A.B. asks: 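Once you've had a glance at the structure underneath, I'll fire off some questions.
Protein chains get the first letters and strands the later ones, always in sequence-line order, with residue 1 at the start of each. Just so it is clear, the structure is predicted and the values come from calculations on it, not from any experiment.
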There are 2 protein chains.
Amino acid sequence: MGRPAQIDRAAVVAAAMAVADEHGLAALTMPAVAGRLGVTAMALYRHVANKEDLLDALVEALLPAPPPDTAALPWRQRLEALAGAVRDSAARHPAVFPLLLQRPAATERARRARDGVVSALREAGLGPEAAARAERLISTAVLGFAASEAAGRFAHHDQRVRDEDFACLLEAIGSLLPPA
Amino acid sequence: MGRPAQIDRAAVVAAAMAVADEHGLAALTMPAVAGRLGVTAMALYRHVANKEDLLDALVEALLPAPPPDTAALPWRQRLEALAGAVRDSAARHPAVFPLLLQRPAATERARRARDGVVSALREAGLGPEAAARAERLISTAVLGFAASEAAGRFAHHDQRVRDEDFACLLEAIGSLLPPA
DNA sequence: ACCTGAACACCGTTCAAGT
DNA sequence: ACCTGAACACCGTTCAAGT
C-alpha cells in the first residue's frame, strides 16, 4: 500500500537522544519520544523492537566515529584525538553516556573504534596480546573518566581542573607506552 | 500506638539488593522488594522516601568499608587492598554496581573511602593537590574497571585474563607513584 | 507507629482496525 | 506499509483508614 513513512529508525533515535539531553534519562519514555515526532507511542514499534533496543541504539550513537582527518597522524596523537572525542561525546550527552558502561556495545561501530586503538598501539610497538590488553585498560580509563565527568562526580571542580585531570590521565597512559 | 515495626530501612535495602542480585536491575520494583519482606509495596514508603532514595542507598552499600586489618600496612598495599575490595564488591553485585558511576555517592562513607586513598597517597609523598588529583584518577580507573567487568564488557575473556588485566592496571597506577 | 486497601497517573507493549 | 485506538498488565506514589 506504500503509505509514505512519516518517521524512520534514525529519526526515532535522534528524537530519543534529544529528549534525554533536554530532560534527562528518567524523562525518556516512549510517549515523550513519539510526541517529539508528532506521532503516537505505538508508531515507534515499527522502527525499534522495544525500549531496550532503543537504548542500545542510543549507546551505539555515543561512540564517536574516529575523526577522519587524524588518520595520518602519528599513533600518539591519534590516541589523544580519540580520547578527546570520547570525552566530547560525554559532554554532549551527559544523561545517556553512563549507559555505555552499563550496556556494553557489541556492534560494528564499537569494534571499529577498538580496532583503531589496537592498531595505534601496535604501531607503538606493542605485541598483539599486549596491545589488546592495553586497549582494554585505556578504553576503560577514558570511558570511566568521561562517564564520571558526565555524571557529575567531579562537579565540584571547575572545568579547568577537570581539563588538567584529563591531561594527567592521558599523560599517565602515555608514560606506559614507548616514547615517540 | 507503638505497633512493633515489621521492617526497617536496613531490611528494605538488603531486600532490594537481594532482588537486584538475583533477578537484575529491571526486576527491582517496589512490589518485588516488599514481597520479599512479606509486606505490601506501600509499607516501604515509611522507610525510604521513594525509589530514587532506595537506589541511592544501594549505591552507598556498594562502597566497601576499608578492610580494617590493613590499616597498618604500608600505603602501597593499602591501596591495592582497597582496589581489590572495590572489585570484589562489583563481583558480588554486578547488576547494581554500574549505578555507582551513574549516581555519584556524596555520602559520609564515600568521603571516608576517598580520604583513605588520599592519605595513602600523601604517605607516598605527594603534595595535597597532587594527591587529590591522583585520587580522582585512580578511583575513576578502578571504578571504571570494576563497572566494566560487572557489566560484562570483558565477558568474552575468562577470569584469568581479567585478573591479569586488573594486576596490570594496579601496576600502571603504581608506576606513577614513588617506589616503596 | 506502622501497615493496608483503594485509587490515580503513568508506562511499555500488543493487536486488530483503519488508510 | 505505516499509523492509531483500544486495551492489558504493571509500576510508583498518595492518602485515608485500620490496628
A.B. asks: Which part of the nucleic acid, if any, lies within contact of A:Met30, taking any heavy atom under 4.0 Å across all strands shown: a base, the sugar-phosphate backbone alone, or nothing?
C.D. replies: sugar-phosphate
A.B. asks: Of all heavy-atom pairs between A:Asp53 and A:Val48, which one has the smallest distance, and what is that distance?
C.D. replies: OD2-CA, 3.5 Å
A.B. asks: Rounded to whole Å, please give me the gap between CD in B:Glu52 and P in D:dG12.
C.D. replies: 11 Å
A.B. asks: Less than 4.0 angstrom from a charged side-chain N to a carboxylate O is my criterion; do B:Glu149 and A:Arg136 meet it?
C.D. replies: no
A.B. asks: Whole angstrom is fine here: how far is it from CD in B:Gln6 over to C1' in C:dT4?
C.D. replies: 10 Å
A.B. asks: Take the protein atom CG of B:Asp53 and the nucleotide atom C1' of D:dG12, then report the distance between them rounded to whole Å.
C.D. replies: 14 Å
A.B. asks: Would you kindly give the CG-to-C1' distance between B:Leu44 and C:dA1, to the nearest whole Å?
C.D. replies: 16 Å
A.B. asks: Over how many whole Å does the gap from B:Ile7 atom CD1 to C:dC2 atom C1' extend?
C.D. replies: 9 Å
A.B. asks: Describe the nucleic acid contact of A:Ala5 in one word from base, sugar-phosphate, nothing, applying a heavy-atom distance below 4.0 Å.
C.D. replies: sugar-phosphate
A.B. asks: Is A:Thr40 close enough to D:dT4 that one of its side-chain N or O atoms is under 4.0 Å from OP1 or OP2 there?
C.D. replies: yes
A.B. asks: Is atom CD of B:Glu129 surrounded by more than 12 heavy atoms (other residues, nucleotides or ligands) closer than 6.0 Å?
C.D. replies: no
A.B. asks: Across all strands, who's sitting opposite D:dA16 as a Watson-Crick or G-U wobble pair, both distances under 3.5 Å?
C.D. replies: C:dT4
A.B. asks: Does C:dC2 have OP1 or OP2 under 4.0 Å away from a side-chain N or O of B:His47?
C.D. replies: no
A.B. asks: B:Asn50 side chain: which of C:dT14, C:dG12, D:dT13 is closest?
C.D. replies: D:dT13
A.B. asks: Let me know the distance between CG of B:Leu54 and P of D:dT13, rounded to the nearest Å.
C.D. replies: 10 Å
A.B. asks: If you count the non-hydrogen atoms of other residues, nucleotides and ligands that lie under 6.0 Å from CD in B:Gln159, is the total more than 12?
C.D. replies: yes
A.B. asks: Between atom NE2 in A:His23 and atom C1' in C:dC11, what is the gap in whole Å?
C.D. replies: 18 Å
A.B. asks: With a 3.5 Å limit on both atom pairs, tell me what D:dA9 is paired to, counting Watson-Crick and G-U wobble, or say none.
C.D. replies: none
A.B. asks: In whole Å, what is the span from the OH atom of B:Tyr45 to the P atom of D:dC11?
C.D. replies: 11 Å
A.B. asks: Nearest of D:dC11, D:dA6, D:dT13 to any side-chain atom of B:Thr29?
C.D. replies: D:dC11
A.B. asks: Have A:Ser139 and B:Arg153 got a donor and an acceptor in their side chains that come within less than 3.5 Å?
C.D. replies: no
A.B. asks: Of the listed nucleotides (D:dC11, C:dA6, D:dC3), which one gets closest to any side-chain atom of B:Met42?
C.D. replies: C:dA6
